[in-house]
Amino acid sequence: MAARFNPLEADARWQKLWEERGTFHASGDGARPRAYILEMFPYPSGRIHIGHVRNYTMGDVLARYKRMDGFDVLHPMGWDAFGMPAENAAMEKKVHPGDWTRSNIDTMRAQLKLIGLAIDWSREFATCEPDYYGHEQALFLDLYEAGLVYRKQSEVNWDPVDMTVLANEQVIDGRGWRSGAQVERRKLSQWFLRITAFADELLDGLGELDQWPDKVRLMQENWIGKSQGLRFRFDLASEGKESPSTGSGRTEGGSGVGGEALDAEAVRPRTGSGAVEALPSSFEVFTTRPDTIFGASFAAISPDHPIALALAEGNAPLADFIAECKQGGTTAAELETAEKKGFDTGIRVVHPLDSEWTLPLYVANFVLMDYGTGAIFGCPAHDQRDLDFARKYGLPVTRVVAPSPEEAAEPIGDEAYSGPGRLVNSRFLDGLTAEDAIRDVIARAEAEGWGEGTIVWRLRDWGVSRQRYWGTPIPIIHCEACGPVPVPRDQLPVVLPEDIDFETPGNPLDRHPTWSKVDCPDCGAQARRETDTLDTFVDSSWYFIRFASQPDDSPFDRAEAESWLPVDQYIGGVEHAILHLLYARFWTRALKRIGRLDVDEPFSGLFTQGMVTHVTFQDPEGRWLTPEEAEAHPGPVTRGRVEKMSKSKRNTVDPEPIVDQYGADAVRWFMLSDSPPERDLEWSEAGIQGSWRFVQRIWRLAAEEAGRGSSTWLGDGEDLALDRKVHRTIAAVGANIEALAFNKAVANLYELTNALEKAAPSPSRSRAVEILIRLAAPMVPHLAEEAWAALGREGLIADAEWPAADPALLVEEEVTIAVQVNGKLRDTLTAPKGAAKELLEEMALASDKVARILDGKPPRKVIVVPDRLVNLVA
RNA sequence: GCGGACGUGGCGGAACCGGUAGACGCCGGAGACUUAAAAUCUCCUGCCCCUCGGGGCGUGCGGGUUCGAGUCCCGCCGUCCGCACCA
């Protein structure tokens, strides 16, 4: 029996055996309850990094535990293989994106296998292969036919040098990240998925996801952004109905009577070209606070609003103002400090509840075109932005909500009041609560026909067109005569051409000599293939369904997919809290709506794990150094913060050499130790060495036990205290793994190991060693197999049963009672479990230490918590 | 600005429902084994005082509730994350 566990030899041997036996294939035979454990599949960027190792180890522990606990476990792996890095590599390294991607997949698959994951590799696929994306095209057409896909003009970030569309993240300070060219806004005709049609159910569905982190649910809720309010119409005032009230602070009943008549000519936009005649006679605004309608002092529209654009024609100052609004950064700091600016159009709009009352119409930089209606009414007293704006332009500020009657006349200072209260200065609304006033105004608007209660969402439809090569081709053909025509099903998949050219900028599909030239499926005329590809988030919106069921001739088999879904536990980074998870939820619901799959939510349990961090080092010039460089550096070196591993900070750790040195189990154990899984884990050399020591400690226990000649050794009888410890550990480790509290499960195993090392040989101890190995098996599977075999056990430990905790042994016979005086711990005593209060009190009073503190006086009051403590109040 | 999370030894972190704060690991210290080192093992390790019996102080800060608060309430301070002119 080897004195040391040698992972370099053992790891590969067990991995090979698991693979040969198909140990981790999900059977789906229905003999056992099922569990679907999934980690977010990786993008094949080149090599596995340590964050992957942490992510997949967590899922693996759960999968292995569930297997031992009697479940038929589906734990698959695949590749999110489309995306821009492959195209970048193609341009930089002159390799085909497909070659680059597939070779990365080969590398990373081999690396993942080194850490001994319990994965059903028979289900592996990559999204960049036609046998995946062809089915995706079919699903896209299903949604298209169901009216859930449409086409519209939409703005994109256009890099004029690279001739390509940029994602927002690729625009840095208004310039393309690669070319450095000034980015332009361009309108392109693009495909959209109607996710907004599911806004309500996506929001409501969050309520049932009780095994999701609150944080993620909240983020999604905010992202969906439901606002209830009133949409109503402002009529433009006809000439001669101007109602001046500027600066005088309108109060109750002010209806535009009096004041000087405005010189219409002076404020009228200088149209000359008759543009004003083309203006609509009204426009709509949206508000969540219709109760404050009598506090209105202006109306404002977005610089992108059609009325603003129409007015700008022939009005150079306004055109300049609009241009100015479009400049300026969109960063947090800039927006925070950005001044509220407006341009008075000179036009006035009629207050909907008083035809004699008109308000000035501004074009304002803080009104967004793509939220609500792109137009607002300004109520300065109860909205901070409106207040800032009103102060700047001398507009009236009228309080219409007061928290108490005394404050009704209180003027508004520098802060708008947005709290609760009752209406004041609001005619027939006076005295109502804000909530009642909202209902009243909405009802009135609907009855009178100038507005209606409505819901506005922040969520936008999902634009899925990407002007890229390395993605799923959108299966549409554009015909001059017939318009967009779906590719006939028997012509799917629409396969990406291999012979492409990355030498010239732009989308290679556009430039391909023949690929896009096809006949119209409807009329046969020459037509053009859609050359846009799908957003890669589409690929990841249904891969978990394909894992569950992968027939050749359709995306999935409904019954089979439903038998596994939803995913019981999904594990991945919090960076996907919104987009990926929302899109996958949408896609699942869309499939349900079109009758393809009866699943509401794709992931019933979600866990977002923390990052792996590492120290950073810098030389005096601020250059980042790797830890090795820092050690060898001749000059002074600054030890920086512990940060997320990144190439730029040179603090990454490549897992492969570490696995080579310490073995998979030590690395896995380290990934699970110390830090709670949802928090960041700091990588350290000391930490991995500690894990290595622990692996060897378990091995020594097993080797020593095996050396006794199986369980023929008979010691001094049973060791009841150890038995209790063992069974408490069984219960604790199982509960902690189920709760994904791996750091606590690790601590439980350390405790048991400490106890075993101290325990004298006995049959109890022999049994305990075997149980320890079974409990550790999900975490350190290679060591566990090796030890299992060394102990002469039959079969694989991967197939062994999770030990059952004996309830009788979970109950303590004796408990330690804390004895407090005035809440301060003074002594402890040992008492039988369940001892009577009177007995505990008596024992506490008998304590010397207590007697000394009490100094002969009897306690005024005695509190006894059975099995816990006695508190004597002096 | 809005929303959220968090704050416990030198470090990562435990602490069920308000009931012995600091489990477990790392670092550090002392010792054993060794010619020596590594490895391994044993013990110690929150801070401060001490007559070595013990005593005092301790969960970001200040209050409060309670027999009793890391845990609950109020007010601050700090760190991190998300969103962002959302009407």
Side-chain angles (χ1 to χ4, degrees), chain A residues 3-4 213-223 225-227 229-230 285-290 292 300 302 330-332 334-340 364-368 370-379 382-386 388-389 456-458 574-575 577-578 642 669-670 673-676 678-682 684-691 693-694 696-697 700 735 741 743-754 757-758 816-829 848-849 852 859-874:
Chain A
R4 272 204 181 193
D214 291 342
K215 176 192 167 88
V216 174
R217 289 195 291 177
L218 190 70
M219 282 165 73
Q220 293 217 350
E221 190 181 317
N222 292 338
W223 188 263
K226 181 179 187 173
S227 292
L230 171 70
V285 299
F286 172 72
T287 177
T288 55
R289 294 294 303 274
T292 64
S302 163
T330 51
T331 63
E334 284 168 312
L335 285 177
E336 186 55 38
T337 53
E339 206 182 347
K340 307 282 174 277
N365 65 345
F366 64 94
V367 182
L368 305 175
D370 58 359
Y371 183 78
T373 61
I376 61 162
F377 86 81
C379 177
H382 306 289
D383 182 288
Q384 192 59 46
R385 286 160 315 174
D386 294 352
D388 295 345
F389 191 83
V456 161
W457 304 89
R458 207 193 84 106
V574 73
E575 66 273 17
I578 299 176
V642 173
W669 185 258
F670 179 67
S673 303
D674 291 350
S675 285
E678 68 277 10
R679 284 198 220 165
D680 290 351
L681 170 71
E682 185 185 343
S684 75
E685 195 61 30
I688 184 70
Q689 281 170 10
S691 297
R693 278 198 296 273
F694 181 70
Q696 296 301 343
R697 280 172 69 193
R700 272 195 302 277
N743 58 321
K744 295 186 209 169
V746 161
N748 299 145
L749 291 174
Y750 268 118
E751 280 193 62
L752 180 58
T753 305
N754 290 343
E757 284 173 346
K758 288 195 175 75
T816 308
I817 304 291
V819 181
Q820 299 178 335
V821 178
N822 293 333
K824 248 184 196 320
L825 182 72
R826 294 300 175 180
D827 201 0
T828 58
L829 48 89
D848 291 347
K849 292 171 183 170
R852 204 164 51 236
R860 285 193 292 121
K861 191 176 174 186
V862 179
I863 284 137
V864 181
V865 182
D867 295 336
R868 284 232 173 244
L869 62 74
V870 179
N871 188 14
L872 306 165
V873 185

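By convention in this document, chain letters (A, B, ...) are assigned in the order of the sequence lines, proteins followed by strands, and residues within each chain are numbered from 1.
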Chemist: Can you check the A:L218 CG to B:A84 C1' distance for me, whole Å?
Modeler: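 That distance rounds to 14 Å.
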
Chemist: Just distance, no hydrogens or angles: give the donor-acceptor pairs under 3.5 Å from side chains in residues 865-874 of chain A, sequence neighbours left out.
Modeler:
from: A:D867; atom 1: OD1; to: A:G834; atom 2: N; distance (Å): 2.8
from: A:N871; atom 1: OD1; to: A:N822; atom 2: N; distance (Å): 3.4
from: A:N871; atom 1: OD1; to: A:G823; atom 2: N; distance (Å): 2.9

Chemist: For B:G28 and B:A39, measure between their P atoms and round to the nearest Å.
Modeler: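 Straight-line distance between the two P atoms is 11 Å.
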
Chemist: State, yes or no, whether a side-chain contact exists between A:V819 and A:K849 at a heavy-atom distance under 4.5 Å.
Modeler: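 Contact flag for A:V819/A:K849 side chains = no.
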
Chemist: Under 4.0 Å from OP1 or OP2 of B:G56: is there any side-chain N or O of A:R826 that close?
Modeler: yes

Chemist: Is there a side-chain contact between A:F389 and A:V367, using heavy atoms and a 4.5 Å cut-off?
Modeler: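 When only atoms from C-beta onward are counted, A:V367 and A:F389 do not touch, as no gap falls below 4.5 Å.
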
Chemist: Now, which nucleotide makes the Watson-Crick or G-U wobble pair with B:C24, with each of the two distances under 3.5 Å?
Modeler: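 Here B:C24 is engaged in a pair, and the nucleotide opposite it is B:G12.
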
Chemist: Between B:C6 and B:C17, how far apart are the P atoms? Round to whole Å, please.
Modeler: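 Looking at atom P only, B:C17 and B:C6 are 14 Å apart.
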
Chemist: Paired with B:C43 by Watson-Crick or G-U wobble geometry, both distances under 3.5 Å: which nucleotide is it?
Modeler: B:G29

Chemist: Can you measure A:F377 atom CZ to B:A87 atom C1' for me and round it to whole angstrom units?
Modeler: 9 Å

Chemist: When you check the phosphate oxygens OP1 and OP2 of B:G4, does a side-chain N or O of A:K215 lie under 4.0 Å from one of them?
Modeler: no

Chemist: Could you say whether A:N822 or A:T373 is positioned toward the 5' end of RNA chain B, judged by the nucleotide with the nearest heavy atom to each?
Modeler: A:N822

Chemist: Taking atom C1' in both B:C41 and B:U34, what distance in whole Å separates the two?
Modeler: 13 Å

Chemist: Give none if B:A5 has no partner; otherwise give the nucleotide forming a Watson-Crick or G-U wobble pair with it, both distances under 3.5 Å.
Modeler: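 Its partner is B:U79.
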
Chemist: Using the P atoms only, state how far B:C74 lies from B:G3, rounded to an integer number of Å.
Modeler: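 It comes out at 15 Å once rounded to the nearest Å.
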
Chemist: Closest to the A:W223 side chain: B:G55, B:C81, B:C83?
Modeler: B:C83

Chemist: A:T287 versus A:L230: any side-chain heavy-atom pair under 4.5 Å?
Modeler: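 Heavy-atom side-chain distance check passes, below 4.5 Å.
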
Chemist: In the 5'-to-3' direction, what one-character label does each nucleotide of nucleotides 9-27 of chain B receive under the scheme B = base within less than 4.0 Å of a protein heavy atom, S = sugar-phosphate only, - = no such atom?
Modeler: ---BSSSB--BB--BSSSS

